[in-house]
Amino acid sequence: MEIDPFIFRLSIFILSIFIGYYVVWSVTPSLHTPLMSVTNAISSVIIVGAIIAALAGTSESVFSISSIFGFLAIILAAINIGGFLVTQRMLQMYKKKKDKNK
Amino acid sequence: MEIDPFIFRLSIFILSIFIGYYVVWSVTPSLHTPLMSVTNAISSVIIVGAIIAALAGTSESVFSISSIFGFLAIILAAINIGGFLVTQRMLQMYKKKKDKNK
Amino acid sequence: MISANLSAIFYLISGVLFILALRGLSSPDTSRQGNYFGIAGMIIAIVVTFLSIGNLSSSLVYVIIFLLIGGAIGAFIAFRIPMTAMPELVAGFHSLVGLAAVFVAIAAFLNPEAFNLGIVGRIKLASLVEMSIGAAVGAITFSGSIIAFLKLRGIMSGSPITFSGQHLLNLLLGIGVFVLIFYLCKTQSVNVFWTVIIISFLVGVLLIIPIGGADMPVVISMLNSYSGWAAAGIGFTLENTALIITGALVGSSGAILSYIMCKAMNRSFISVILGGFGADSASDNTKEKKDQKPVKSGNAEDAAFLMKNASSVIIVPGYGMAVAQAQHALREMVDKLKKNDIKVTYAIHPVAGRMPGHMNVLLAEANVPYDEVFELEDINNDFANSDVAFVIGANDVTNPVAKTDPKSPIFGMPVLDVEKCKSVLFVKRSLSPGYAGIDNELFYKDNTLMLFADAKKMTEDIVKNLD
Amino acid sequence: MISANLSAIFYLISGVLFILALRGLSSPDTSRQGNYFGIAGMIIAIVVTFLSIGNLSSSLVYVIIFLLIGGAIGAFIAFRIPMTAMPELVAGFHSLVGLAAVFVAIAAFLNPEAFNLGIVGRIKLASLVEMSIGAAVGAITFSGSIIAFLKLRGIMSGSPITFSGQHLLNLLLGIGVFVLIFYLCKTQSVNVFWTVIIISFLVGVLLIIPIGGADMPVVISMLNSYSGWAAAGIGFTLENTALIITGALVGSSGAILSYIMCKAMNRSFISVILGGFGADSASDNTKEKKDQKPVKSGNAEDAAFLMKNASSVIIVPGYGMAVAQAQHALREMVDKLKKNDIKVTYAIHPVAGRMPGHMNVLLAEANVPYDEVFELEDINNDFANSDVAFVIGANDVTNPVAKTDPKSPIFGMPVLDVEKCKSVLFVKRSLSPGYAGIDNELFYKDNTLMLFADAKKMTEDIVKNLD
Ligand SMILES: NC(=O)c1ccc[n+]([C@@H]2O[C@H](COP(=O)([O-])OP(=O)(O)OC[C@H]3O[C@@H](n4cnc5c(N)ncnc54)[C@H](OP(=O)(O)O)[C@@H]3O)[C@@H](O)[C@H]2O)c1
Ligand SMILES: NC(=O)c1ccc[n+]([C@@H]2O[C@H](COP(=O)([O-])OP(=O)(O)OC[C@H]3O[C@@H](n4cnc5c(N)ncnc54)[C@H](OP(=O)(O)O)[C@@H]3O)[C@@H](O)[C@H]2O)c1
């Protein structure tokens, strides 16, 4: 009677697709550029896989062929995390009228 | 390393809450009454539990005390499924101008 | 018999179909299709449940019989119910879901083996917590919805029932339920379980009686939300994805809908739930004013004359139209006006009537095309350029006091700016206030003509005079 | 080391935080908070990953070093990048995600034990499928984004590169990837795995080269979507909830965003993807017209005079403003106008510029408050009541041919009705057409004054003349 965890993951996947669908429609068009940069930034969560791969080496061989790919992926994903800062810079610029004279 | 299925169910639950949140905001206000009736109708899916409870009796004792509650729940939930028909009747009435002279 | 995996996939599909059902409501065009998705989801869930149970004992026949009985009753109600009875119908249906949740929880408690939850007296802790929450919330939903139903149906008075210490009592009972559930987990005692359910029934009653009849729409929606959480609780117990998805969906959507309603009335959700609104109306104050100020009143002939000579008319329906069932007559009147090349549109306030979308359903019933019907924000600027506002059975939703008097209970609620029209016609039976119990200064304005009569009768008379 | 259950919960939390990050973007007020949610989600995911790995081998130091190196590079780029380079930055960042996905998939393929996926040569079938899909989509994302980056950066020509049989080739290669993945599942061969990745790189290049530079925004968003699906594929392989949620979120949101863009341009998604748009511009036709018709052109003084005497001005920025970096000068000009009690607002077309929301970011950079900036549907009716439309570097988005000529490539795209203003000022360098390559008849209208110059220079001159 045990259900395969894959099915749960599939459910999570499908439900998240719906959320993505709705979330975008609710974003105001003037923030579409930050939207692109923030969705890009959150995809750097792939770093989770990169860390696992990099740490898979043993104490003797830190840089096995597979962990090297992990380390490279860590750098790439970490650069991408900078996307949050880009977004922050952009969002910081959106101001209402009253703040104008600050 | 196995993850408890409860956590998956919790994920499904939380993600569905987000979907419910977004879905309602996207419903046009003129359909708020059908919305209430259709959300009510879909909650009759509780009938799934009712059927399991009702079928739990053995061949000798179809009507054990627990299965009786199941049978009662089946009736209640089945009545509630009528909510889809109510919704259908309501929605059938919403017409565009061009259909008016039909 | 199908495997647990396969049935899990089908339950997921049925959950997704329910999501699509709600999604369809984003426009009237797609809504019917959405409803079919919902029906399909329900059929899949039921069929899969049958298929996933291995030993289909002889009970199966009975299950199908009871299913058909229930379905027949449901269909009968669905076809017979008049559109005006929607609010109480929804309340009544919620009570069924709530009670069904309670029954399923009881069945699971008495026969946990059937659900794979352990054995009697040794039910898994998590399951026990889930099923008692499901049962408690279900019980509250049931008894609360019954009270709401009785109030809406007019069997019970709509006025709030309050007594001192009420909120404290509710709080204590609520805590009591939690303590009992905790105790239940330790003892697994049947009696404690029953007590939880009975106290929850009581809480449901006590929660709803202080809320005034006119606040019922918020309450219905809130109870809808509760029924969802109850279903989700049962879903966790039964480890059923379809129930969990649906429960969460209904739970959160109901909560958001009550929030939207409260916002449209500019009242806080808390103030609605604590109740008492509509009890201490400012009616003395109102009466006083009423006697002092002069009012222009007219008859059907005057109204017909005014509208015939207008080039644009905006119809503002309200609760009174629903009471009088005037929508068909109204539609006839509008048809006549249109034949005279007068532009007619309908302006709907989000909380006009006694249910969100109430007016839209009634107008749709009278065959008014939905593209002639506008929401407040889309039409409010048009009053200034229109000749006549025909306000039929609406009151609070036109009251300018919401814009001007910060002390008024409806202050801050967006209202329809009917006073900007060249002339305003008010169809109602008297000068008495609407649901909020506050006087409407528009009645005394120069450009207002009161048409004192039942909305349906008056509209029919106007129709005659338009020939 | 924390248990698998606990880390699963934390990954769920991080997924929810990402949802909240996107939700925040529904208004500028909540957007900054949303971004913090996103950062928090990322930190949680990273920390939990460290905690959930038991034997923190000596590699840990290196991991942290590489993390910091990457982070420092990212931060450096983030602070140095000019706002105008946003489109290529996003494209460049996508390529990183794509390549990271490929690398993780390779690592998993070479060392499946580390991920609990079986042993080399005997990887679980499901995992193998998931990781090869992840790798293939990741590779397409990587090479496609590189091409998009090169085109946007101007390193590669923006014009579409087409050859006959292109679509057939793409189709065959696509089918090839599927066949190879199937084959991979049977053989578990390393070489086949590498081949899948290499062909996918090729597909990525071939997919993007036929698409014109100006269609890149749709492409970026589409690649964003791809990077999401790749991440989700890896998420399934690693059985990681945060990755699955994020991947699905990014995948579907990117897809919807490209759909929204295509709709705003009134083009089908398919036509964008098949490419070739902008190659065979109707420029001959355009040139012909240009020589025939008379055009009124003016200088900064004329423009300043016209605007000084107006009571309301609407600014319509377009791609040319971005090219010229004229937003700061524009802001100065508007300030001067406002000091003269002239009402100034900004009208933004959904596809003005080369990226959705492009103009909004640039105006925000120049400190224009966002409540003075309006979307097309909110301001389009105001042109009729305004004196001057100041069109700066915009062209297609004002072209009335979209409303009148069914044969035009932009027919049906909603456009800003600038021609309804009393007078229209066009700041651009020549009469050459915009991105769509079609002539704009507004240039030849009586109430149009062309201001031929670089947008920044012209605006600065106007500012001087306003004193
Ligand atoms: N829609 C919702 O979801 C919702 C939810 C909660 C609360 N509410 C509240 O309900 C109110 C709705 O406003 P509303 O303007 O629609 O209604 P209202 O302010 O309650 O006014 C209805 C008017 O209709 C008149 N009326 C009643 N029966 C009639 C008949 N047979 N013929 C002609 N007139 C009749 C009444 O005046 P006479 O007695 O003089 O005839 C009354 O003044 C708001 O205060 C709102 O906050 C609505
Ligand atoms: N935003 C998006 O997401 C997106 C996506 C895909 C496609 N597009 C397309 O891009 C177009 C956007 O329309 P648009 O009106 O913003 O731009 P446009 O139609 O491409 O016109 C831009 C104009 O700016 C002028 N210009 C260029 N550099 C300039 C400078 N330094 N100073 C002054 N003027 C300059 C050009 O004329 P001169 O050469 O005469 O100066 C050109 O006519 C639409 O066709 C849209 O479909 C947009």
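Values reported hereafter were calculated over all heavy atoms of this structure, with side chains retained and with hydrogens, waters and symmetry mates removed. Not measured: the values here are computed from a predicted model. We name chains A, B, ... by the order of the sequence lines, and we start the count at 1 in each one.
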Who among [options] has the most heavy-atom pairs with chain D under 4.5 Å?
{"options": "Asn40(A), Leu35(A), Ile19(A)", "result": "Asn40(A)"}
{"options": "Ile79(A), Asn80(A), Val24(A)", "result": "Ile79(A)"}
{"options": "Thr33(A), Ile74(A), Val27(A)", "result": "Thr33(A)"}

Any idea which of [options] has the most non-hydrogen atom pairs under 4.5 angstrom with chain A?
{"options": "Leu238(D), Leu67(D), Asn240(D), Ile220(D)", "value": "Leu67(D)"}
{"options": "Glu239(D), His358(D), Met359(D)", "value": "Glu239(D)"}
{"options": "Ala114(D), Gly24(D), Ser31(D)", "value": "Ser31(D)"}
{"options": "Tyr36(D), Tyr259(D), Phe76(D)", "value": "Tyr36(D)"}
{"options": "Ile245(D), Val90(D), Val373(D), Thr237(D)", "value": "Ile245(D)"}
{"options": "Ser95(D), Ala78(D), Ala126(D)", "value": "Ala78(D)"}

Does any heavy atom of chain D fall under 4.5 Å from the side chain of [X], the backbone, both, or neither of them?
{"X": "Val45(A)", "value": "both"}
{"X": "Ile81(A)", "value": "side chain"}
{"X": "Ile47(A)", "value": "side chain"}

Are any non-hydrogen side-chain atoms of [X] and [Y] less than 4.5 angstrom apart?
{"X": "Ser26(A)", "Y": "Ser26(D)", "value": "yes"}
{"X": "Pro217(D)", "Y": "Met36(A)", "value": "no"}
{"X": "Thr28(A)", "Y": "Leu25(D)", "value": "no"}

So, for [X] and [Y], which heavy atoms are closest and what is the spacing to 0.1 Å?
{"X": "Phe79(D)", "Y": "Arg89(A)", "value": "O-NH1, 3.3 Å"}
{"X": "Ala107(D)", "Y": "Gly70(A)", "value": "CB-N, 4.4 Å"}
{"X": "Ser66(A)", "Y": "Leu110(D)", "value": "CB-CB, 3.9 Å"}
{"X": "Pro34(A)", "Y": "Val361(D)", "value": "CD-CG2, 4.1 Å"}
{"X": "Gly20(A)", "Y": "Leu249(D)", "value": "N-CD1, 3.7 Å"}
{"X": "Ile260(D)", "Y": "His32(A)", "value": "CG2-CE1, 4.3 Å"}

Given a strict heavy-atom distance threshold of 4.5 Å, which part of [X] is in contact with chain A: side chain, backbone, both, or neither?
{"X": "Ile106(D)", "answer": "side chain"}
{"X": "Ser227(D)", "answer": "side chain"}
{"X": "Thr49(D)", "answer": "side chain"}
{"X": "Glu130(D)", "answer": "side chain"}
{"X": "Glu113(D)", "answer": "neither"}
{"X": "Leu363(D)", "answer": "neither"}
{"X": "Ala75(D)", "answer": "both"}
{"X": "Phe109(D)", "answer": "neither"}
{"X": "Asn35(D)", "answer": "both"}
{"X": "Pro28(D)", "answer": "both"}
{"X": "Ile234(D)", "answer": "side chain"}
{"X": "Glu375(D)", "answer": "side chain"}

Look up atom [atom1] in [X] and atom [atom2] in [Y], then write down how far apart they are to the nearest 0.5 Å.
{"X": "Ser43(A)", "Y": "Tyr226(D)", "atom1": "OG", "atom2": "OH", "result": "15.5 Å"}
{"X": "Leu257(D)", "Y": "Trp25(A)", "atom1": "CG", "atom2": "CH2", "result": "9.5 Å"}
{"X": "Ser37(A)", "Y": "Met86(D)", "atom1": "OG", "atom2": "CE", "result": "6.5 Å"}
{"X": "Ile42(A)", "Y": "Leu22(D)", "atom1": "CD1", "atom2": "CG", "result": "4.5 Å"}
{"X": "Tyr94(A)", "Y": "Asp371(D)", "atom1": "OH", "atom2": "CG", "result": "13.0 Å"}
{"X": "Gln33(D)", "Y": "Leu91(A)", "atom1": "CD", "atom2": "CG", "result": "12.0 Å"}

Quiz prompt | Set of ring-ring contact (aromatic ring centres under 6.0 Å, His included) partners for Tyr11(D), sequence neighbours left out | solution =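 Scan of Tyr11(D) (ring-ring contact (aromatic ring centres under 6.0 Å, His included), adjacent residues dropped) gives none.
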Practice problem: Scan Phe93(D), Phe66(D), Phe103(D), Phe142(D) and name whichever one has a side-chain contact (heavy atoms from CB on, under 4.5 Å) with Leu76(A). | Solution: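 The option that passes is Phe103(D).
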Self-check item: Verdict with supporting geometry, Ile75(A) and Leu96(D), side-chain contact (heavy atoms from CB on, under 4.5 Å)
Solution: CA-CA 9 Å; Ile75(A) 298 198; Leu96(D) 301 179; over 6 Å; no
Quiz item: Do other residues, nucleotides or ligands put more than 12 heavy atoms under 6.0 Å from the CZ atom of Arg23(D)?
Solution: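 Atom CZ in Arg23(D) is not packed in, count stays at 12 or less.
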Exercise. Determine, stepwise, if the pair Leu55(A) / Phe50(D) fulfils side-chain contact (heavy atoms from CB on, under 4.5 Å).
Key: CA-CA 9 Å; Leu55(A) 286 179; Phe50(D) 281 124; 4.2 Å; yes
Quiz prompt | Ring geometry between Phe236(D) and Phe6(A) (parallel below 30°, tilted from 30 to 60°, perpendicular above 60°) | solution =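 Ring orientation of Phe6(A) relative to Phe236(D): tilted.
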Practice problem: Assess whether side-chain contact (heavy atoms from CB on, under 4.5 Å) is satisfied between Ile348(D) and Ser30(A), documenting all intermediate values. | Solution: CA-CA 9 Å; Ile348(D) 310 285; Ser30(A) 70; over 6 Å; no
Quiz item: Could you go step by step and tell me if Phe71(A) and Val63(D) meet the side-chain contact (heavy atoms from CB on, under 4.5 Å) rule?
Solution: CA-CA 7 Å; Phe71(A) 283 114; Val63(D) 168; 3.6 Å; yes
